[in-house]
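Within every chain, numbering begins at 1; the chains are lettered A, B, ... in the order of the sequence lines, protein sequences first and strands thereafter.
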Amino acid sequence: MDLVLNILLGVVVAATPLVFASIGELVAEKSGVLNLGVEGMMIIGAVAAFAATVGSGSYIVGILVGALAGATMAFLFGALTLTLMSNQVACGLALTLFGLGLSALIGQAYSGISLPQFPRVDIPLLTDIPFIGPLVFGQDALVYLSFALVAGVGWFLTRTRAGLILRAVGENHEAAHGIGYPVVAIRYLAVMFGGACAGLGGAYLSLVQTPLWVEKMSAGRGWIALALVVFASWRPLRALGGAYLFGGITILQLHSQALGLKIDAQILSMLPYLATIVVLVVISRDRMKMKLNAPSCLGKVFYATS
Amino acid sequence: MFRLVPRKEPNRAMLYATPFLAVALTIVAGFLLFGALGKDPLHALFLIFLKPLTDFNSLAEMLVKATPLVLIATGLAIGFRAGVWNIGAEGQFTIGAITGGSVALAAYPDGGPLLLPLMAVAGALGGMAWAAIPAFLRTRFNASEILVSLMLVYVATLLLSFLVHGALRDPEGFNFPESRLFQEDAHVPALIPDTRAHIGFLVALFAVAAAYVYLERLILGFQVKVLGQAPRAARFAGYSEKRIVWTCFMISGALAGVAGLFEAAGPVGQLVPSLPVGYGFTAIIVAFLGRLHPVGILFAGLLMALTYIGGETAQIEMSLPSATTSVFQGMLLFFLLATDVLVNFRVARTAKPLATPSGAAPKLKPAE
Amino acid sequence: MKRAIRMFAALAAAASLAPGAPAIADEPLKVAFVYVGPIGDHGWSYQHDAGRKAVEKEFGDKVKTTFVENVSEGPDAERVIAQLAQGGNKLIFTTSFGFMNPTIKVASRFPGVKFEHATGFKTAKNVSIYNARFYEGRYVIGQIAAKMSKSGTIGYIASFPIPEVVMGINAAYLGAKSINPNIKIKTIWVSSWFDPGKEADAAKALVDQGADVLMQHTDSPAAMKLAEERGIYAFGQASDMKTFGPKAQLTSIVDDWNYYYIDRVKAVMDGSWATKDTWDGLKQKMVEIAPYGPAVPDDVKALADATKEKIISGELHPFTGPLAKQDGTPWLKDGEKASDKDLLSMNFFVQGVEGSLPK
């Protein structure tokens with residue numbers, strides 16, 4: 001029982017950065033913008049949060065700075081793709097490269113510094129319930145935030161007027177513009193929300209998971225978050241599920257080694273990527289179904305003619 | 001206030017001027033960045049952009065680095081023109097190295113003049129096979145080729161690691177995860193004696209020339225361009241999107257595979273887990289920097305190679321992190337894309353409401 | 001085109017044949033170091049850099065040292081080493097196993113430069129190799145681990161199944177078994193020397209499966225941090241990691257390269273440098289046991305010190321028969337000590353170790 005609990009706790013830690021990053025990207029994509037720079041925004045979030053926490057001694061400051069740094073990177077992306085109407089794929093790649101490099105430059109001064117363990121929530125009585133207590137009531141604050149974000153985004157997209165407008169912009173920007181919605185401004189907001197979320201995901205890596213700053217520590221998680229959005233067919237709850245599935249496979253692979261199972265680590269590590277491809281194929285093969293969720297204007301350049 | 005007004009025709013002068021403008025802006029931004037980080041900016045820029053050009057060995061090493069970049073970018077550019085986004089060239093590169101390298105290891109210790117050509121063919125086929133997966137899933141199931149090709153990069157890297165930990169591991173290598181050193185005949189011959197520059201660079205030049213002919217002179221090349229610029233028109237004209245997606249993936253897969261084989265059989269001389277170092281991704285920048293034009297790509301590849309070598313020099317002499325290189329590469333692409341707008345648009349004042357140009361959204365012509 | 005190539009070739013030949021400028025007496029000796037990780041790893045590369053600093057301190061302005069960190073064991077290593085050789089460095093230390101082939105290749109191009117490669121097995125006229133007998137230290141910490149473990153399970157985070165690492169696991173197991181015959185060692189291979197995220201996840205998995213003492217053959221302090229957080233014990237690797245686990249660290253196997261680096265620099269200075277294969281241990285203090293942590297009781301300290309003394313005096317060899325391989329085939333006869341050659345090519349677990357070597 002303890003082993004199961006510990007594995008589940010490990011899965012939460014592995015999944016949370018993915019939840020943050022994918023829910024943010026989901027909003028950006030719903031508005032019609034494909035930002036491939038999640039990895040770059042995440043790593044900048046990680047280094048900024050770490051540096052700010054070390055500098056200020058406050059986790060709250062660190063987390064806010066991490067989110068802000070991610071949003072700043074996203075603003076840069078917005079300036080290029082929305083204002084200057086550049087190609088989104090190429091800009092996203094540039095953002096990733098730039099982020100990886102810049103984070104290493106900034107982080108040079110912070111390698112080898114360590115932070116104390118990130119505090120976990122501890123509610124007397126509730127956290128003491130066996131099994132369920134530590135799992136449900138004993139996580140760190142960011143885990144709860146990630147769940148709140150998923151719920152909030154789900155509610156926002158389907159139940160609010162603003163969410164409807166955002167989806168309309170992603171669905172048909174010409175029409176949305178015609179009705180008089182500020183397409184570019186809405187997309188800026190969506191992209192920057194995505195950047196802030198990616199920054200939070202990065203902050204989780206450097207403040208909670210390790211907690212250390214290490215070059216390239218995002219290790220491809222930003223790309224996985226991108227795949228998760230498609231995996232989830234642009235639905236917040238499914239993105240959450242996908243992130244936990246992915247985190248689960250990562251953790252189980254280590255456990256199976258410690259248990260002495262003779263499965264090659266590399267083969268196991270391939271599973272999440274292969275699973276993503278399979279899901280991608282399954283959801284894409286039905287063009288009608290795909291259309292229902294995929295924003296029609298995803299990745300397309302918008303130019304206001306009047 | 002200013003606003004952007006579409007040009008009727010892409011501006012030729014801007015088309016050629018923007019890459020230089022981007023390089024200049026990158027240097028200015030780099031200057032400010034180093035200054036902000038408290039490093040001597042002039043010295044750093046000198047080390048990155050000029051020092052390697054003054055030294056014979058560094059020049060040769062530039063060719064070593066440029067070879068895979070030019071090969072891959074040439075293939076990718078054809079796809080990008082058609083709106084086919086193969087961003088998993090890194091994976092095709094890795095698989096090419098595996099299949100090509102396996103031929104050498106299977107023949108070991110035998111050689112012969114046919115070995116290297118066989119390896120190159122195997123490398124190309126390996127890259128094509130890996131590229132066939134996203135091509136098939138896109139054409140058959142409509143799955144995004146961006147995500148599939150990207151996911152396959154990770155699978156390919158893990159596959160390489162799996163093989164050099166097991167089947168391809170050097171039997172006399174004390175269990176260290178790397179293959180044995182290839183036999184003499186399996187090495188790519190040197191282009192310049194006593195350096196690592198190899199004849200792969202000549203192959204890259206050949207690929208550039210072939211791509212030029214393909215895009216400018218052949219029907220299919222024309223279809224590729226039309227599909228990228230006006231998908232609807234292309235469909236109307238009866239061009240098969242399927243066929244073009246396949247063609248683009250096969251060309252870029254083959255070139256990436258050959259590049260991987262040259263890397264394994266050239267400067268490295270064996271299969272090691274850390275063989276893929278990101279050429280497949282950097283090549284995307286090279287393709288854009290070269291305006292998706294084969295000749296432009298050649299120069300862009302050399303410039304990008306320069307930033308690698310220069311970055312390393314700066315790492316040795318100023319202990320800058322090796323990632324400095326990717327800061328520059330990222331900025332270069334940013335500025336290029338940002339200035340690209342000047343090709344298709346002109347800046348106008350919006351003192352009074354402008355007469356809107358006829359036609360809806362501008363034709364965004366991928367730069368040539 | 002052809003002419004250009006020929007010209008290039010001529011230039012290249014000239015460049016490679018040009019004799020190095022004769023060293024002027026007051027000109028400092030240039031010495032370079034190539035590290036696989038960041039010097040801030042607080043492990044392997046950190047200790048090598050401590051050796052570099054010791055060289056600077058010893059010789060002052062008679063040497064000029066350069067280092068390059070984060071050099072991947074891939075296609076770029078050769079160029080970095082060659083660039084250092086070309087930059088006038090007369091002695092170059094390459095400090096990771098994966099630099100072996102690049103070092104040998106560059107050495108053949110620069111016969112006038114001396115190379116020192118750590119942990120490899122290929123030498124040349126101008127290439128020496130050096131390594132430390134870490135297994136001696138690992139036997140000692142194996143004993144401490146067995147004394148301190150309540151669960152009887154030790155977790156081991158390993159990098160690559162090369163002889164060096166396999167030897168360490170075997171030595172730690174034999175040390176632990178000499179205290180508690182039922183001890184278990186669980187191993188996770190992370191296929192990296194330095195990946196704090198993965199090391200932390202592996203450490204978690206090991207602890208979750210019952211390990212209450214962690215050992216590692218990877219270079220980051222991530223596992224130590226986790227041990228501190230979970231209130232269990234761990235051993236530092238390569239350098240003293242007590243800042244990361246003030247309560248958790250029992251001790252640390254410290255690599256001390258200082259004296260070796262100073263010796264070799266001196267040898268180049270006075271012209272006595274020759275190819276050498278060095279494998280030093282506790283006796284020469286290339287391997288050291290860091291001061292014990294607060295959790296280690298006095299009797300365990302005394303036991304560990306005694307074992308250390310016995311290894312130094314030669315009375316005890318960690319690999320002494322009778323020993324069988326994991327599958328039961330006999331390896332060493334009663335009282336027989338493993339030869340260095342056997343150790344350096346070790347590719348099997350000894351009987352009793354659980355798990356299998358990755359294939």
Side-chain angles (χ1 to χ4, degrees), chain A residues 34 36 40 76 79-81 83-87 89-91 93-108 174 215-216 220 223-224 226-227 230-231 264-270 272-274 276-277 280-287 290 299-306, chain B residues 4 6 33 37 80 85 87 133 137-138 140-144 146-148 150-155 158-159 161-163 165-166 278 281-282 284-285 287-288 319-334 336-341 344-345 356-357 359-362 364 366:
Chain A
L34 177 67
L36 293 183
L76 195 61
L80 281 165
T81 57
T83 304
L84 296 177
M85 292 169 277
S86 298
N87 179 294
V89 173
C91 282
L93 284 168
L95 198 67
T96 291
L97 275 170
F98 181 68
L100 285 171
L102 185 64
S103 64
L105 272 180
I106 298 172
Q108 208 180 11
E174 307 285 344
E215 237 183 276
K216 296 177 195 149
W223 294 111
I224 294 164
L226 274 163
V230 187
F231 176 93
D264 286 285
Q266 291 95 349
I267 301 289
L268 271 171
S269 309
M270 284 178 200
Y273 304 103
L274 294 174
T276 305
I277 295 177
L280 204 57
V281 168
V282 170
I283 61 160
S284 309
R285 58 191 294 197
D286 189 344
R287 281 180 195 240
M290 181 88 171
K300 287 187 189 151
V301 169
F302 171 71
Y303 174 75
T305 46
S306 54
Chain B
L4 294 163
L33 181 71
L37 289 169
F80 291 172
W85 294 99
I87 63 171
I133 302 172
L137 297 181
R138 155 93 193 254
R140 177 75 181 75
F141 297 110
N142 196 32
S144 156
I146 296 181
L147 290 165
V148 173
L150 185 68
M151 290 296 116
L152 286 173
V153 172
Y154 292 94
V155 178
L158 287 162
L159 188 66
S161 165
F162 172 70
L163 289 172
H165 274 88
F281 294 113
T282 314
I284 297 172
I285 305 185
F288 275 94
S319 7
L320 289 173
S322 50
T324 312
T325 311
S326 63
V327 175
F328 273 97
Q329 295 176 345
M331 285 199 300
L332 195 55
L333 188 52
F334 274 147
L336 183 80
L337 293 165
T339 50
D340 238 9
V341 77
N344 290 312
F345 294 87
T356 47
L364 275 177

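Scanning both residues, B/L337 and A/S86, for their nearest heavy atoms gives O-OG, 2.8 Å. When all heavy atoms are compared, the tightest approach of B/M151 to A/W223 is CE-O, 3.9 Å. For B/A338 against A/L80, the heavy-atom pair with the smallest separation is CB-CD2, 3.3 Å. Nearest heavy atom pair, residue A/G101 against residue B/V327, reads C-CG2, 3.0 Å. Annotation for B/L333 and A/A90: closest pair CD2-O, 3.6 Å, computed over non-hydrogen atoms.
Per-residue counts of heavy-atom pairs under 4.5 Å with chain B were compared for A/A94, A/G40, A/G220; the largest is that of A/A94. For chain A, the option among B/L336, B/I146, B/I87, B/L150 with the highest count of heavy-atom pairs below 4.5 Å is B/L150.
Considering CG of A/L34 and CH2 of B/W85, their distance stands at 10.0 Å, rounded to 0.5 Å. Here B/S144 contributes atom OG and A/L226 contributes atom CG; the two are 10.0 Å apart, rounded to the nearest 0.5 Å. Atom OG1 of residue A/T96 and atom CZ of residue B/F281 lie 9.0 Å apart, to the nearest 0.5 angstrom.
A/S103 does not touch chain B: none of its heavy atoms, backbone or side chain, sits under 4.5 Å away. For a residue to count as touching a neighbouring chain, one of its non-hydrogen atoms must lie under 4.5 Å from one of that chain's; by this rule B/F334 touches chain A with backbone and side chain alike. Using a 4.5 Å cut-off between heavy atoms, A/L95 contacts chain B through both its backbone and its side chain. Both the backbone and the side chain of A/L105 come within less than 4.5 Å of a heavy atom in chain B.
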Quiz item: Is there a side chain to side chain contact (heavy atoms under 4.5 Å, CB included) between A/L93 and B/I285 once you walk through the steps?
Solution: CA-CA 8 Å; A/L93 284 168; B/I285 305 185; 5.9 Å; no

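Contact check for A/V281 versus B/V148: no side-chain heavy atoms found under the 4.5 Å cut-off.
In this structure, the side-chain hydrogen bond (donor to acceptor under 3.5 Å, both in side chains) partners of B/T282, at least two apart in sequence or on a different chain, are B/Y308. Every residue two or more places apart in sequence or in another chain that forms a ring-ring contact (aromatic ring centres under 6.0 Å, His included) with A/Y273 is listed here: A/F246, B/Y154.
For B/S326 (side chain) and A/L100 (main-chain N/O), no donor-acceptor pair under 3.5 Å exists by modelled atom type.
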